[in-house]
Amino acid sequence: MQEPEVAKPKPQRRVLKRGSQSMGTPSIKRAMRGEFEDNTQLSAKEQHELYSKEGEVEPFTSDQLKEKWDMFLTRLEDGSNMKVTLANVPKIEENFSLLLEIDNRIQDELIANIRPELVSFLRKELRNSKINLKTLITEVVREKVIYSDIERYQALAGKNPNLAYLKQTLNLDF
């Protein structure tokens, strides 16, 4: 007679599972199941939708705007170009539209990157959903830089006509 075979115990395999949170990377499996990690950081679009309450229209003064504008500037990185661009406080126009005067298109592009975040911050802090930010590129008039002797003479002769008379009297060349 044969003895029934006794099953030998198989060595157990150890499987180490690491959670996605411990490694700091998102899990594709969890995302496929619809389980997303809770991020406390809101995007600019989400902030805009959250803080722009349609019925909220509280008037504000230019002093209040300056205070909140400066508060937003402190949130920006130190020494950034954005702080220089936003150094001027915008003017309040009709229907709570804000007009910010800037110097060039580069500043306009910088503002376009943070406009949703800035507008939603101002809407939240000033409790006014009608706040809108517009930019106006102003032309800075600069005097011509004088480089040559002839240009220098012409500029000085324009200020003082006696200089032209002196040149002619002394028979000078330039």
Side-chain angles (χ1 to χ4, degrees), residues 24-26 38-174:
T25 59
D38 182 29
N39 290 335
T40 57
Q41 188 74 6
L42 296 175
S43 71
K45 185 176 181 180
E46 291 169 335
Q47 287 179 9
H48 174 72
E49 292 171 357
L50 179 66
Y51 297 130
S52 37
K53 299 174 184 170
E54 288 299 321
E56 198 169 46
V57 183
E58 189 173 308
F60 56 90
T61 64
S62 57
D63 291 335
Q64 290 171 325
L65 174 63
K66 180 173 177 17
E67 177 186 339
K68 300 304 179 184
W69 191 265
D70 292 340
M71 188 183 298
F72 183 80
L73 287 179
T74 58
R75 296 172 55 182
L76 298 174
E77 296 175 14
D78 290 333
S80 70
N81 292 335
M82 188 57 65
K83 281 190 174 183
V84 175
T85 302
L86 298 176
N88 298 332
V89 178
K91 298 173 188 171
I92 303 172
E93 293 186 330
E94 293 180 23
N95 294 329
F96 303 105
S97 181
L98 305 177
L99 180 65
L100 180 63
E101 294 183 9
I102 54 176
D103 296 332
N104 54 46
R105 290 185 185 267
I106 295 172
Q107 289 179 333
D108 194 30
E109 291 173 10
L110 287 172
I111 291 172
N113 292 334
I114 66 154
R115 179 176 276 132
E117 182 183 352
L118 175 59
V119 170
S120 64
F121 174 81
L122 292 174
R123 285 179 178 179
K124 175 188 169 198
E125 293 294 320
L126 295 171
R127 292 185 217 98
N128 191 319
S129 63
K130 291 190 176 185
I131 292 176
N132 190 17
L133 180 65
K134 296 186 292 186
T135 55
L136 175 67
I137 300 174
T138 56
E139 185 176 328
V140 179
V141 179
R142 296 185 184 172
E143 293 183 22
K144 182 181 177 185
V145 179
I146 301 171
Y147 291 108
S148 67
D149 291 337
I150 295 171
E151 290 175 342
R152 189 175 301 131
Y153 164 73
Q154 290 170 346
L156 291 173
K159 291 180 183 178
N160 188 354
N162 291 331
L163 186 62
Y165 175 72
L166 182 65
K167 177 187 175 212
Q168 185 179 15
T169 305
L170 296 176
N171 201 18
L172 298 175
D173 289 339
F174 279 109

### Summary
The side-chain hydrogen bond (donor to acceptor under 3.5 Å, both in side chains) partners of Gln64 (sequence neighbours excluded) come to none
### Task
Give a yes or no on whether Arg127 atom CZ has more than 12 heavy-atom contacts from other residues, nucleotides or ligands under 6.0 Å away.
no
### Exam field: side chain Glu125 to backbone Phe121, donor-acceptor pair closer than 3.5 Å
no
### Message
Could you check whether any side-chain heavy atom of Tyr153 comes within less than 4.5 Å of a side-chain heavy atom of Ser148, counting everything from C-beta outward?
### Response
no
### salt bridge (charged side-chain N to carboxylate O under 4.0 Å, His left out) partners of Glu93, counting only residues at least two apart
Lys134
### Task
Please tell me if the side chains of Arg152 and Leu156 come closer than 4.5 Å, counting only heavy atoms from C-beta onward.
yes
### Message
Once side-chain hydrogen bond (donor to acceptor under 3.5 Å, both in side chains) is applied, do any residues pair with Asn132, and if so which ones, sequence neighbours excluded?
### Response
none
#### Entry: side-chain contact (heavy atoms from CB on, under 4.5 Å) against Asp103, all qualifying residues, sequence neighbours excluded
Gln107, Thr138, Val140
### Query
Please, which pairs that meet ring pair (Phe, Tyr, Trp, His ring centres under 6.0 Å) have at least one residue in residues 124-145, sequence neighbours excluded?
none
### Message
Treating Ser97 as the side-chain partner and Glu94 as the backbone partner, does any N or O pair qualify as donor plus acceptor under 3.5 Å?
### Response
no
### Task
Indicate the atoms forming the closest heavy-atom contact of Val145 with Glu151, along with that distance.
O-OE1, 4.2 Å
### Task
With sequence neighbours left out, write down each residue that passes side-chain contact (heavy atoms from CB on, under 4.5 Å) with Leu98, or none if nothing qualifies.
Phe60, Leu65, Pro90, Ile92, Leu122, Ile131, Leu133
### Query
Considering residues at least two apart in sequence or located in another chain, which fulfil the salt bridge (charged side-chain N to carboxylate O under 4.0 Å, His left out) criterion with Asp70?
Lys66
### Task
Could you tell me the separation between the CG atom of Leu118 and the CZ atom of Arg115, rounded to the nearest 0.5 Å?
8.5 Å
### Task
Mind listing the closest non-hydrogen atom pair of Ile114 and Met82 along with its distance?
CD1-SD, 3.6 Å
### Query
Is the closest side-chain heavy-atom distance between Leu100 and Trp69 below 4.5 Å?
yes
### Task
Answer yes or no: is there a side-chain heavy-atom contact under 4.5 Å between Asp63 and Glu67?
no
### Task
Grab the two heavy atoms, one from Val57 and one from Ser129, that are nearest each other, plus how far apart they are.
CG2-OG, 4.3 Å
### Query
Would you say Leu110 and Leu86 make side-chain contact, with heavy atoms under 4.5 Å?
no
#### Entry: Contacts of type side-chain hydrogen bond (donor to acceptor under 3.5 Å, both in side chains), residue Thr135, not counting sequence neighbours
Asp108
### Message
Tell me if the CD1 atom of Ile106 is crowded by more than 12 foreign heavy atoms within 6.0 Å.
### Response
no
### Task
Applying ring pair (Phe, Tyr, Trp, His ring centres under 6.0 Å), name anything that partners Tyr165, two or more places apart in sequence or on another chain.
none
### Task
Indicate the atoms forming the closest heavy-atom contact of Leu76 with Lys83, along with that distance.
O-CE, 3.7 Å
### Asn160 side chain vs Asn162 backbone, donor-acceptor pair below 3.5 Å
yes
### Message
Taking side-chain hydrogen bond (donor to acceptor under 3.5 Å, both in side chains) as the definition, give me every residue that meets it alongside Gln154, ordered by chain and number, with sequence neighbours left out.
### Response
none
